[in-house]
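Nothing fancy with the numbering, it's 1 onward along the sequence.
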Amino acid sequence: GWPGTTAELIIDPRGEAEEKMKVKVVTTRMLREEGGAVLGVHEVRMNKKGDAMVVTCDDGSQLEVLQVQPPNKRAMDAKSFWNGLKGRRVERARVPWSPGEVPAGQ
């Protein structure tokens, strides 16, 4: 990932224990560079090998997140982070987006 890249995850979305967590994205690899994946997907899942979390971007591309750093913790591999969730669902936060309009200061 780019230095300073973060992602806002929602743990147990729409559940009683819903929790927002901003994690630093440490290491990634491209799974699908161009769109073509299903749009509107916000669920984060583990890949088939079990070594990366798959995030579908708004343009349909997909990114495998190999390493993250949760708040106040050391960087860890995706499998360790995922195991710590103890089966709870994960989604990426929805980001307001408007084609051609970038908020001031961005």
CG/L85 to CE/M21 distance, rounded to the nearest 0.5 angstrom? 7.0 Å
My understanding is that only residues two or more places apart in sequence, or in another chain, count here; which of them pass side-chain contact (heavy atoms from CB on, under 4.5 Å) with K20? E8, I10
Same cluster or not: are V25 and I11 linked, directly or through other Ile, Leu, Val, Met, Phe, Trp or Tyr residues, by side-chain heavy atoms under 4.5 angstrom apart? yes
Which pairs would a plain distance check flag for residues 63-71, meaning a side-chain donor or acceptor within less than 3.5 Å of a matching protein atom at least two apart in sequence or in another chain?
from : atom 1 : to  : atom 2 : distance (Å)
E64  : OE1    : R29 : NE     : 2.4
E64  : OE1    : R29 : NH2    : 3.2
E64  : OE2    : N47 : ND2    : 3.0
Q67  : OE1    : T27 : OG1    : 2.9
Q69  : NE2    : K73 : O      : 2.9

Treat each ILVMFWY residue as a node, draw an edge where side-chain heavy atoms are under 4.5 Å apart, and state whether V90 and L31 are in one component. no
Does the R92 side chain pair with the main chain of T56, one donor and one acceptor, at a distance under 3.5 Å? yes
Which atom pair, heavy atoms only, marks the closest approach of A78 to A52? CB-CA, 3.9 Å
Contacts of type side-chain contact (heavy atoms from CB on, under 4.5 Å), residue E43, not counting sequence neighbours: R89
Go through the structure and list residues passing side-chain contact (heavy atoms from CB on, under 4.5 Å) with T6, not counting sequence neighbours. K22
Which residues satisfy the side-chain contact (heavy atoms from CB on, under 4.5 Å) test with R45, sequence neighbours excluded? V54, Q62
Sorted by first residue and then second, give each side chain to side chain donor-acceptor pair (under 3.5 Å) pair with at least one member in residues 76-85; sequence neighbours left out. D77-S80
List in chain and number order the residues that pass salt bridge (Lys or Arg N to Asp or Glu O under 4.0 Å) with E18, two or more places apart in sequence or in another chain; answer none if no residue qualifies. none
